[in-house]
Amino acid sequence: MKLCRFEAENRIAYGLIEGGSVFEIDMDPFSGTPANDIKKGNQRKLEEVRLLSPVIPSKIVAIGLNYKAHAAEFNKPLPEEPMLFMKPSTAVIGTGDNIVYPTHMSHRVDYEGELGVVIGKAAKDIPADKAKDYILGYTCFNDVTARDLQGKDVQYTRAKGFDTFACVGPCIETDFDPLNARVETYLDGEKKQDTSTQDMIFNVYELVSFVSYVMTLLPGDIIATGTPSGVGKMRPGNIVEVKIEGIGTLKNTVTDGKVFRKIWTKA
Ligand code: MG
């Protein structure tokens, strides 16, 4: 099933997407209720609601260099264990929202289309063969990155942490095979990334396990599983889409941040 969160008539609710409709559900999909017990309520047309990020995570744990071809593209050796960094929950936006280009600090901002894993229940020290039990579902993720600052800062916090730099959506698909899925990214309609998750160095279950041995994963947390080859820059005005067969398309427009953002000055 496709779980979503939406706004309609000035109210925010969780829903199920079926065809061109959204059915409201009166429960929190992170409460542990088995998916089959979810009851469908009010029906609306999909175009009559505004889809929001399907979840507000307590944290986003992202993986660097998790596709073989992407490591080759950056001339990096294959990592021996997953390389982790974090993105703040305040960076989250949903499909249809704008990515605000931080022109006040960066001149090179890239898209990174990724498969996002959404955690369903608290996970600590979970072996890979049990990881599936802790996953609610999967979503499309764009790990927007200020590439110039990633190199300059060495630490990833600023490059990965600007507001609007974590695009999530359009829904959470609960019936999905993460071991053989195609992740595609389009910039203004032109295909830029297209790779199967079979090219991952560490698969989804290994990642959930590994992260859970570092920090407790909470319901709603997202693991961004790394981007395939073909990353590239975006400019204000571009439309970027991350498409994963079986989940849907996450679509965002890049806007110029100078309208919204103030220049930082040292006191
Ligand atoms: Mg990434």
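FYI, side chains are in, hydrogens and waters are out, and symmetry mates aren't considered; it's all heavy atoms of this structure. Just so you know, ligand 1 is whichever comes first in the structure, and atom 1 is the first atom listed for that ligand. Sequence positions, counted from 1, serve as the residue numbers for this chain. Every value quoted in this text rests on a predicted model; they were computed, and no experiment measured them.
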Parallel, tilted or perpendicular, as decided by the 30° and 60° cut-offs, for the rings of Phe162 and His104: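 Geometry flag for Phe162 against His104: perpendicular rings.
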
So does Arg182 pair up with Glu184, basic N to acidic O under 4.0 Å?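 Yes, this pair counts.
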
Lys/Arg N to Asp/Glu carboxylate O, Arg50 vs Asp97, below 4.0 Å: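 A salt bridge is present here (some side-chain N lies under 4.0 Å from a carboxylate O).
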
Would you say the side-chain atoms of Thr197 and Asn180 include a donor-acceptor pair closer than 3.5 Å?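 Distance-only check fails for Thr197 and Asn180.
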
At less than 2.8 Å, how many protein N/O/S atoms surround the Mg ion (ligand 1)? Leave waters out.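 Step by step: take the Mg ion (ligand 1), keep protein N, O, S below 2.8 Å, and you get 3.
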
Please tabulate, for the side chains in residues 142-149, all donor-acceptor contacts under 3.5 angstrom to protein atoms that are two or more places apart in sequence or on a different chain.
residue, atom, partner, partner atom, Å
Asn142, OD1, Glu112, N, 3.0
Asp143, OD1, Lys87, NZ, 2.6
Asp143, OD2, Lys160, NZ, 2.9
Thr145, OG1, Asp143, O, 2.8
Thr145, OG1, Lys160, NZ, 2.8
Arg147, NE, Asp110, OD2, 2.9
Arg147, NH1, Glu112, OE2, 3.0
Arg147, NH1, Gln150, OE1, 2.8
Arg147, NH2, Asp110, OD2, 3.2
Arg147, NH2, Glu112, OE2, 2.8
Asp148, OD1, Ser106, OG, 2.8
Asp148, OD2, Ser106, OG, 3.4
Asp148, OD2, His107, N, 2.7
Asp148, OD2, Arg108, N, 3.4

Between the side chain of Thr174 and the main-chain N/O of Met1, is any donor-acceptor distance below 3.5 Å?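 Yes; judged by distance alone, with no hydrogens or angles, the pair exists.
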
